[in-house]
Asker: 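Mind looking over this structure? Questions follow.
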Amino acid sequence: MESTIIKSVDYNAYFGTNHVVKNVNIEIPKNNVIAVMGPSGCGKTTFLRGINRMHELIPGATAKGQILLNNEDVLEMHPIFVRLKIGMVFQRPNPFPNLSIYDNVIAGYKLNGIKISKAEKDRIVEHSLTRVALWNEVKDSLTKKGSFLSGGQQQRLCIARAVAMEPEVLLFDEPTSALDPISTSTVEELFHELKSNYTLIIVTHNMQQAARVSDKTAFFYMGELIEYDDTKQMFTNPTDTRTQNYITGRFS
Amino acid sequence: MTQLEKELQAVKSEVINMWSLVQMQLTKAKKAMLQFDQDLAREVLLKEKRVNAYELKIDRDCENIFALFSPVANDLRFLLAAIKINSNMERIGDIAEGIAKYILEFGSPFDKHILDKTQLLVMYDEAINMLADTRAAFENEDTILARSVFKKDEKLDEINLAANSNIASCIHENMESMNEALYVLSIIRKMERVGDQVKNIAEEIIFFMEAKVLKHQEEL
């Protein structure tokens with residue numbers, strides 16, 4: 001049986017008095033890819049950002065309930081520690097523009113004041129870039145700025161930056177929406193590779209992407225988790241009419 | 001209505017039109033057999049081309065929808081069912097064509113005694129009814145009606161099972177009727193296959209509507 005790595009228990013999130021995530025209970029198995037989908041404003045990104053405590057960075061944002069990482073409540077942990085364990089990749093590739101490719105990969109160590117040897121840094125850079133299938137493309141230009149890379153390469157660099165911290169979970173907020181189809185396909189292939197070492201939670205508007213890459217899919221609507229099941233089941237025979245209407249494009 | 005819904009509706013209409021044509025082909029082949037109407041038999045042969053054209057068109061349309069719209073859930077199940085129904089329907093069309101060919105080959109009316117003894121006409125009418133019922137079930141998305149054909153198919157199987165001894169007895173009674181009796185036996189076998197095809201179609205309707213797979217299950 002697959003072990004649960006993330007579990008949310010009656011999780012609620014608010015922007016001031018606006019209740020945007022309502023009583024979400026979900027169990028995420030380890031080494032799976034989970035797609036989170038739903039119409040704009042349904043609370044999926046807020047829920048994702050709640051998992052590694054990014055939600056509370058927004059002024060007026062609060063949360064209630066529990067998000068358990070290996071049975072420990074992340075709301076009780078130090079947020080920096082949480083973000084070391086649960087990395088995040090955003091919609092637009094955001095490498096540090098003034099840092100080299102090399103320094104971008106180990107930026108997490110520098111920013112958190114973690115001191116490591118040059119040899120260890122070299123190992124982490126090569127290992128992380130290899131994990132995201134970027135090493136062969138950039139190994140001869142590690143000192144060049146990350147911003148010189150193509151959009152798809154930049155996004156993989158950002159994934160390498162997250163992977164470098166050896167997290168247990170990686171969160172992706174629409175990771176390919178700014179990429180062309182070829183780069184999208186490369187990143188999607190990467191998801192399949194990454195899941196052997198990490199648990200991936202991906203918010204996506206692209207339903208075909210959810211169907212292609214994920215093991216399980218969660219459908220959010222108006223702040224509620226409507227349905228959560230194996231992706232094959234969700235895309236062939238969803239239980240809830242709202243899910244069916246959404247995935248078949250009949251949502252009004 | 002979304003573009004996908006319009007496309008699916010168009011496929012549904014095509015499948016229903018094909019259904020009507022195939023039902024008509026079976027009915028005309030029966031009439032040609034009973035009245036020994038060779039012109040009508042030739043018409044069935046001619047119209048078989050239209051059945052084939054429908055099959056190609058429906059296959060092509062479904063393929064295009066898969067490629068262009070990436071259907072999921074009930075839309076996906078509908079298209080998968082439509083493709084399989086299309087294929088079953090084409091085979092029923094072939095069976096009607098086969099019966100029409102027998103009429104032309106044999107060259108004289110079949111003996112009423114053999115038809116009565118073997119219950120071929122009872123079987124034939126039941127097969128046409130089953131086809132009509134599944135068509136209505138598909139059109140109205142009625143799985144109760146779709147399920148009703150499973151019972152009717154048992155009647156066809158019963159008649160088919162008794163066919164060998166009935167045909168043998170007809171031949172014993174009149175050795176000269178052997179050739180004719182064998183033609184009748186072949187038509188009985190064809191009707192039994194129509195029953196199976198219609199049963200497959202009913203299973204596809206249930207799959208599309210209820211996401212239940214009934215294929216290869218003993219108890220339906």
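So you know, we letter chains A, B, ... as the sequences are listed, proteins then strands, and number each from 1. This is a predicted model, so every value here is computed, not measured.
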Asker: If you apply the rule salt bridge (Lys or Arg N to Asp or Glu O under 4.0 Å), what do you find for A/D230 with A/K232, and how did you get there?
Answerer: CA-CA 5 Å; A/D230 289 344; A/K232 279 179 193 153; over 6 Å; no
Asker: Could you tell me whether a side-chain N or O of A/S183 sits under 3.5 Å from a main-chain N or O of A/L179, the two making a donor and an acceptor?
Answerer: no
Asker: Please check: side-chain N/O of B/Q25 versus main-chain N/O of B/V44, any donor-acceptor pairing under 3.5 Å?
Answerer: yes
Asker: Are the side chain of B/W19 and the backbone N or O of B/L131 linked by a donor-acceptor pair below 3.5 Å?
Answerer: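 Yes, because the side chain of B/W19 sits within donor-acceptor range (under 3.5 Å) of the backbone of B/L131.
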Asker: What residues of residues 52-72 of chain B sit under 4.5 Å from chain A when only non-hydrogen atoms are counted?
Answerer: B/S70, B/V72
Asker: Does A/H19 reach the main-chain N or O of A/V21 with its side chain, forming a donor-acceptor pair under 3.5 Å?
Answerer: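 A pair under 3.5 Å: yes.
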Asker: Consider only side-chain N and O atoms of B/E5 and B/Q9, and report whether a donor and an acceptor are under 3.5 Å apart.
Answerer: no
